[in-house]
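A quick write-up on the structure given underneath.
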Amino acid sequence: MSDEPQQRSQGWAPREPGTGPRPGPAPAAGPRTGPGAGPGAGPGGPGTEQKPKGKGKGKQRPKRTGLRRLVPTWRMLLGTVLGTALLLTGLFALGYFLVEIPSANAAAIKQSNVFLYADGSQLARDGDVNRENVPLTHISKDAQHATLAAEDRDFYSESAIDPKAMLRAGWNTATGKGRQSGSTITQQYVKNYYLGQEQTVTRKVKEFFISIKLDREKSKDDILEGYLNTSYYGRNAYGIQAAAQAYYGVNAKDLTVGQGAYLAALLNAPSEYDVTAHPENKAVALARWNYVLDGMVKQKWLTRAARDRVAFPEPRQAKGSAGLSGQRGYLVQAVTAYLTSNKILDEDTLTRGGYRITTTLQKPKQDAFVKAVDDQVMDRLDRKNRTVDTYVRAGGVAIDPSSGKVLAMYGGIDYTKQYVNNATRRDYQVGSTFKPFVFASAVQNGSRTEDGRPITPNTVYDGTNQRPVRGWNGGPYAPENEDGESYGDISVRTATDRSVNSVYAQMAVDVGPANVEKTAVALGLPADTPDLTASPSIALGPATASVLDMAEAYATLANHGRHGAYTLVEKITKDGSESVELPAPADTSADRQAVSREAADTTTSMLQSVVDGGTGQAAQNAGRPAAGKTGTAEEDTAAWFAGYTPDLATVVAVMGQDPDTGAHKSLYGALGQARVNGGGYPARIWAQFTRDALEGTEVSDFDLELQSGAEEPDEPDYDTGAPDTTSGQDDGGTDGGQDADGTRDGTGGSAPAPTNGRTPDRDRTEGPAHGRTGGTSGGSSPSATGGTHTGGTATDGGTTGSPGSATGGATTGTTADSGTPTGTTAGTTAGQGPPGGSAPRHQRH
């Protein structure tokens, strides 16, 4: 009997070969019959086959294949979630019970940092902590609300921690993104008082548990009081009472809305937002101050009408710690700013102390800088009889061009009397000291004049006063030369010697103002330098870079166009042993060829001419081959000299500032002079410092590689006898034998042409050697022999202008930027000499 019909009726079908389990061995003989017959039938027949099949399906699940094996089942997910929750709960409980609220950390009682000169001798030890704790009831409600608006607006309603902010800060710390905030006031208080400032996961975990415990054991008022008494506000002030006194001379209970908002704004960046120490950051500080006030309005702690009546409360001038008197405070301030701005140490960590910081500053050079400023300026002031003399300030920086190390810095008369560091502030125009960056950019970019001529030192421009620049689409611009002087056709070299605005404004357009800005930044000026804008006026120096910024840029020129970021620190140790890692200069993007050697060296050649016979002749007193440029800010509020030898780059500025209000003041009449210009007192300070700083070292010449066409035209030989120095000074008057721009043996203040390889002694009996390929350009320097000197050969095919005539030393001239001679002038390479007469006395732009 066949069982096939039964198989069909039950839905069974024959298996395909090779699929399913292999059947057992066939019966020995005879067909199988009965209900159990058929392939695979067991005892009991087909009816009993169904149950084993169903039962087998439950025991043997289909295996997960392919990508499905990687997807967890819902049972796995549930188990993982429950397990993780139990683990975290256990860890939280463990952490909560194990982490105790500690005693106040040692950092709550600040240690001192020790600052050392490069030779290991002590420079300074920062002062004791200025701290005075007060109860919350002695802090004005306005100041309390301002702090909450700035740091934690939901303080009274939220828990001790903000999980989202904690996770964000922890992740940023773990991934090396630096210091991140977002903590509640409770967490910040824990960090300030109980823990430290280190950015580690361990510290964050401790902070988390201590904050929770503290929130349960102390009231919100107690925590806010502790926070306000332990926070750092800058000016060495810890706590709001000390800050109220340091910035406004009042007690914390008397702080107004505006004052409280400013102190609250300081918490975000204490030193950076001090508008007295860093006037260039006032816009950023004001933005933060407005943010605080707007937050108070939003939280209904201040009405809109009252908020609109609040005026920014200018903080009073700061007074430095007595232990940081003289230059020490300025140097500590500069080193601290260097460490924090380069993210070597953050401000909170550094202010807790315990560090031993070896600087790059060299004590002999530091002492020489102070002496030069005192000898040339400070000892000559008459503050009793001349009010303007009370405005006189000075700043200076010297850098080793080969290493970028800052070797000396002059910050001001005394840190305890004037808190602002004149070497690092960024609020005075640099004037014509910016002009070399325009020329360097021209060579770097292979620029040409509007009529297609390559720009070299011998290229001729129209120096007519108020000549409109051509090729600029941003509106009419026709800058005025000093005193309205017109020069006609004039070479770039001579225009540099005399700081001719009309020439350099046109050159900036020919090069492209954006290219000029790019070159200035590449040389060392910060990209965010105030008033550094890509327009024709950029050439006249409205930018307000610091003395340190300018020294860095000029050091790059001295180093043949290679820029290395400046450094103030050699070594740091913590608690006497642990070293703090410093960035390797070679590993930084700042160490690069900023401009080509040809561009830098050709600019150096031009600046040598400024010292030889232009506005910077006083720099010859250094007794070294030198290159430099003078500059004067608008309304004579600052006068600059920026220059270098092959071994040392130094920038000096003399500034005018009201000692009470901090307002910029004109220096007209200061030191008894009609005007204070870059070629006068700044150049004299530069010369004395450079001479003394390099005393005992071998005199080296510039090794220059010039652009094609940059060589100076040949000039006839003439006597280089010793010039007779007779009471010259920057306004043509009398000033103790200084000869920057006064009478020089009948030349009207013009220096004799330099002799290659010749180095003068300190009395300048001969012209200084500058290693250039020829004499001064186009007869720009008349003869020093009391006779007549013919102009040099014109390189553009024309004839030279009329010779300058010196008659036995009887002519005394006034100067532009205190150095350019008036009265007698010589021919230029244009084939036409500039008109005679009075040259500009100072550079206003």
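Only heavy atoms go into these numbers, but all of them, side chains included; no hydrogens, no water, no symmetry mates.
- A side-chain donor-acceptor contact under 3.5 Å links Trp289 to the backbone of Gly258.
- Taking 4.5 Å as the limit, some side-chain heavy atom of Ile357 sits within range of a side-chain heavy atom of Leu339.
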Glu314/Lys282 under salt bridge (Lys or Arg N to Asp or Glu O under 4.0 Å): CA gap, chis, key distance, verdict: CA-CA 10 Å; Glu314 292 286 348; Lys282 187 170 184 177; 2.3 Å; yes
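- Under a 3.5 Å cut-off, the side chain of Tyr428 and the backbone N or O of Gly656 do form a donor-acceptor pair.
- The pair Glu570-Lys405 counts as a salt bridge, with a side-chain nitrogen and a carboxylate oxygen less than 4.0 angstrom apart.
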Show the numbers, then the answer: is there a salt bridge (Lys or Arg N to Asp or Glu O under 4.0 Å) between Glu272 and Arg288? CA-CA 12 Å; Glu272 183 179 347; Arg288 181 69 179 174; over 6 Å; no
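- A donor atom on one side chain and an acceptor atom on the other are found under 3.5 Å apart for Asp375 and Gln688.
- Every residue two or more places apart in sequence or in another chain was checked for a ring pair (Phe, Tyr, Trp, His ring centres under 6.0 Å) with Tyr233, and none qualifies.
- A donor-acceptor contact shorter than 3.5 Å links the side chain of Asp400 to the backbone of Ser402.
- Scored by the side-chain hydrogen bond (donor to acceptor under 3.5 Å, both in side chains) test, Thr529 finds no partners at all (sequence neighbours excluded).
- For the pair Asn421/Met409, a side-chain contact is recorded, criterion being any heavy-atom separation below 4.5 Å from C-beta on.
- Partners of Tyr338 by ring pair (Phe, Tyr, Trp, His ring centres under 6.0 Å), not counting sequence neighbours, listed by chain and number: Tyr566.
- In the model, Glu635 has no side-chain atom that pairs as donor or acceptor with a side-chain atom of His664 under 3.5 Å.
- The backbone N or O of Glu280 lies less than 3.5 Å from no partner atom in the side chain of Asp427, so there is not a single donor-acceptor pair.
- Of the inter-residue distances, the one linking Asp636 atom CG with Met655 atom CE reads 14.0 Å to the nearest 0.5 angstrom.
- If you take NZ on Lys629 and CZ on Phe434, they are separated by 13.0 Å, rounding to the nearest 0.5 Å.
- With rounding to the nearest 0.5 angstrom, the CZ atom of Arg498 is 13.0 Å from the OG1 atom of Thr630.
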I would like to know whether Tyr330 and Gln418 meet side chain to side chain contact (heavy atoms under 4.5 Å, CB included); could you show each step before the answer? CA-CA 10 Å; Tyr330 300 123; Gln418 178 205 325; 3.7 Å; yes
Do Asp367 and Gln362 pass the side chain to side chain contact (heavy atoms under 4.5 Å, CB included) test, and can you show the C-alpha distance, the side-chain angles, and the key distance before you say yes or no? CA-CA 9 Å; Asp367 293 342; Gln362 297 181 4; over 6 Å; no
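- Judged by distance alone, the side chains of Glu517 and Thr533 never bring a donor and an acceptor atom under 3.5 Å apart.
- Judged purely by atom type and a 3.5 angstrom limit, Asp414 has no side-chain atom pairing as donor or acceptor with the backbone of Gln327.
- Using a distance-only test at 3.5 Å, with no hydrogens or angles considered, a donor-acceptor pair links the side chain of Asp658 to the main chain of Thr661.
- When every heavy atom of Gly678 is checked against every heavy atom of Ala639, the shortest pair comes out as N-CB, 3.7 Å.
- Residues Trp686 and Gly643 come closest through the heavy atom pair NE1-O, 3.4 Å.
- Of all heavy-atom pairs between Gln245 and Arg316, the closest is O-NH2, 2.8 Å.
- Counting heavy atoms from C-beta on, the side chains of Thr496 and Tyr504 come closer than 4.5 Å.
- Atom CG of Leu286 and atom OH of Tyr273 lie 11.0 Å apart (nearest 0.5 Å).
- Put simply, the side chain of Ser121 never gets that close to the backbone of Tyr117: no donor and acceptor are under 3.5 Å apart.
- Looking at heavy atoms from C-beta onward, Gln657 lies in side-chain contact with Arg425 at the 4.5 angstrom threshold.
- The pair Lys363-Asp119 fails the salt-bridge criterion, with no side-chain N (NZ, NE, NH1 or NH2) lying under 4.0 Å from an Asp/Glu carboxylate O.
- The shortest side-chain heavy-atom distance between Thr637 and Leu667 does not fall under the 4.5 Å cut-off.
- Residues meeting the side-chain hydrogen bond (donor to acceptor under 3.5 Å, both in side chains) test with Gln122, sequence neighbours left out: none.
- Of the inter-residue distances, the one linking Glu480 atom CD with Leu540 atom CG reads 11.0 Å to the nearest 0.5 angstrom.
- A distance-only check finds no donor-acceptor pair linking the side chain of Asp389 to the backbone of Leu381 [under 3.5 Å].
- The distance from the OG1 atom of Thr690 to the NZ atom of Lys365 is 10.5 Å, given to the nearest 0.5 Å.
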Would Val397 and Val651 satisfy side chain to side chain contact (heavy atoms under 4.5 Å, CB included), going step by step from the backbone distance to the final call? CA-CA 6 Å; Val397 173; Val651 175; 5.7 Å; no
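- Applying the ring pair (Phe, Tyr, Trp, His ring centres under 6.0 Å) test to His278 and every residue at least two apart in sequence or in another chain returns nothing.
- For residues 639-657, no pair satisfies salt bridge (charged side-chain N to carboxylate O under 4.0 Å, His left out), with sequence neighbours left out.
- The two residues Ala627 and Gln608 make their nearest non-hydrogen contact at CB-N, 3.8 Å.
- The aromatic rings of Tyr419 and Tyr415 are tilted relative to each other, their planes meeting at an angle between 30° and 60°.
- Of all heavy-atom pairs spanning Arg235 and Asp274, the tightest one is NE-OD2, 2.8 Å.
- Looking only at side-chain heavy atoms (C-beta outward), Tyr644 and Thr556 stay at 4.5 Å or farther from each other.
- Here the closest non-hydrogen pair linking Ala619 and Val611 is CB-CG1, 4.1 Å.
- Formation of a donor-acceptor pair under 3.5 Å by the Ser546 side chain with backbone atoms of Asp549 is found in this model.
- Leu331 has its side chain within reach of Gln366: a pair of non-hydrogen atoms, C-beta onward, lies under 4.5 Å apart.
- The aromatic rings of Tyr262 and Tyr247 stand perpendicular to each other, their planes meeting at an angle above 60°, with 30° marking the opposite boundary.
- Proximity of Phe437 to Met550: side-chain heavy atoms (C-beta onward) are separated by under 4.5 Å at one or more points.
- Side-chain atoms of Thr424 do not come within 3.5 Å of backbone N or O of Ala334 as any donor-acceptor pair.
- When each of Leu407, Val652, Asp374, Asp692 is paired with Phe369, the side-chain contact (heavy atoms from CB on, under 4.5 Å) condition holds for Val652 and for no other.
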